[in-house]
Student: 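One structure, pasted below without further comment.
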Amino acid sequence: MTQETWQKYSEWPLVGAAFVFLAAYSIQVIADPPDPYASALTLVMVTTWIAFGVDYIVKLLLAPHRGRWFVRHPLDLLMVALPVARPLRLLRPFTLRRVMERAPGTAIRARVMAYVIVSAMLLIYTVALSVLSFEKGAPNANITTMGDSLWWAIVTITTIGYGDFYPVTIPGRWAAAALMVGGFAVLSMVTAAVSSWLVESVTAATSARTNADDAASREELARLTAQINRLHDRLARDAGESTSSPAEDMPHKDAG
């Protein structure tokens, strides 16, 4: 068993576990169901935690260089340590590197934009859900409903920040800080994609205009070359006729 083989067979089951965790966590935070439903949801989330923990341990044991793998894969550890990070597993089969592979420029931008939009939506919902779980029972909290939390998450990730809603708990503020960093990353990727599109559009327009000018210049040069060739042929014919005319007149003069 190699790490690649394990990841091949465990990737999609863990994506399903992340989806189940997100659904159970959403119901628990938003609906706040009584027992025994709350206990059943907790059991589901604990089961997903065990699945993520087993996956992390197995991949660490199968890694050729465990220390290097541990340092280079902090997200895997984060998804085990922090429950709110587990929905990020839904994006693992569609990493940015895979999104950009074997695609021309326009297709890459379309894929990157789709990836960024899906990532932003998942980040907004997950952080809004976690902030609501931290805030709704806290004293002097102003984020007490999912609608308020989603509104706060949207204005935060877009760096607008009206200030009408804000977290008052320490975990809520840490979640807000993570959302701010994610917002900068999302806006940076969108800006880069739009800038790339503008540069390519201007380059294509300039290239098309240059090609058209070159074609017109080549056509004009061909026309002038043809005219010069015709003039050259005409001059050659005139020179030949003027040379042959005295030779034809010579016998008449001798005869006289």
Side-chain angles (χ1 to χ4, degrees), residues 1 3 5-62 73-95 115 117-154 156-157 165-179 182:
M1 175 69 72
Q3 191 183 65
T5 304
W6 171 264
Q7 187 168 349
K8 176 182 177 182
Y9 289 106
S10 65
E11 186 170 55
W12 286 106
L14 287 176
V15 169
F19 181 80
V20 170
F21 172 84
L22 184 60
Y25 189 45
S26 300
I27 296 173
Q28 188 180 62
V29 173
I30 298 173
D32 197 12
D35 284 327
Y37 305 107
S39 299
L41 293 173
T42 301
L43 178 62
V44 169
M45 290 188 290
V46 170
T47 303
T48 62
W49 177 79
I50 294 174
F52 277 91
V54 169
D55 174 71
Y56 184 82
I57 293 173
V58 171
K59 286 194 292 188
L60 181 61
L61 293 176
L62 293 176
H73 296 80
L75 184 60
D76 293 79
L77 180 60
L78 185 66
M79 286 187 290
V80 175
L82 296 178
V84 295
R86 288 171 206 160
L88 297 178
R89 183 76 199 197
L90 296 171
L91 296 173
R92 287 296 294 273
F94 313 102
T95 57
Y115 181 84
I117 291 172
V118 173
S119 302
M121 292 175 62
L122 183 61
L123 182 64
I124 288 172
Y125 182 80
T126 303
V127 174
L129 197 63
S130 62
V131 167
L132 179 61
S133 68
F134 299 140
E135 296 288 314
K136 65 179 181 179
N140 302 320
N142 54 81
I143 301 177
T144 56
T145 65
M146 190 60 185
D148 294 341
S149 190
L150 282 173
W151 169 253
W152 165 82
I154 291 172
T156 300
I157 199 173
F165 296 104
Y166 52 89
V168 297
T169 63
I170 299 300
R173 291 176 178 177
W174 276 108
L179 185 61

Student: To the closest 0.5 Å, what do you measure between CG (L129) and CG (L22)?
Tutor: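 Taking CG in L129 and CG in L22, the distance rounds to 7.0 Å.
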Student: Say you draw a straight line from OG1 of T126 to OH of Y25; how long is it, rounded to the nearest 0.5 Å?
Tutor: 9.5 Å
Student: Working to the nearest 0.5 angstrom, can you tell me the gap between K59 NZ and H73 NE2?
Tutor: 7.0 Å
Student: Search all heavy atoms of A128 against all heavy atoms of M146 and return the closest pair with its distance.
Tutor: CB-CE, 4.2 Å
Student: As an exercise, state the distance from CG of D148 to CD1 of I143, rounded to the nearest 0.5 Å.
Tutor: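 Separation between the atoms: 7.5 Å.
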Student: Begin with the C-alpha distance, continue with both residues' side-chain angles, and end with the deciding distance and a verdict on side chain to side chain contact (heavy atoms under 4.5 Å, CB included) for W6 and D55.
Tutor: CA-CA 9 Å; W6 171 264; D55 174 71; 2.9 Å; yes
Student: Which atom names give the shortest non-hydrogen contact between A141 and E135, and what distance separates them?
Tutor: CB-O, 3.0 Å
Student: Please report the closest heavy-atom contact between L41 and P33, naming both atoms and the distance.
Tutor: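 Looking at all heavy atoms of both residues, the shortest contact is CD1-CG, 3.6 Å.
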Student: To the nearest 0.5 Å, tell me how far T42 OG1 sits from D35 CG.
Tutor: 8.0 Å
Student: What's the shortest heavy-atom distance between M45 and A24, and which atoms?
Tutor: CG-CB, 4.0 Å
Student: What are the two closest non-hydrogen atoms of K136 and V29, and how far apart are they?
Tutor: NZ-O, 2.6 Å
Student: So how far is it from I124 CD1 to S149 OG, rounded to the nearest 0.5 Å?
Tutor: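 Those atoms lie 11.0 Å apart.
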Student: Side chains of W152 and L132, heavy atoms from C-beta outward: is any pair under 4.5 Å?
Tutor: no
Student: Show the nearest heavy-atom pair for residues L14 and A51, with the distance to one decimal.
Tutor: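 So the minimum-distance heavy-atom pair works out to CD2-O, 4.0 Å.
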Student: Whether the Y125 and S26 side chains hold a donor-acceptor pair (N or O, under 3.5 Å, no angle test) is what I'd like checked.
Tutor: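 There is such a pair between these side chains.
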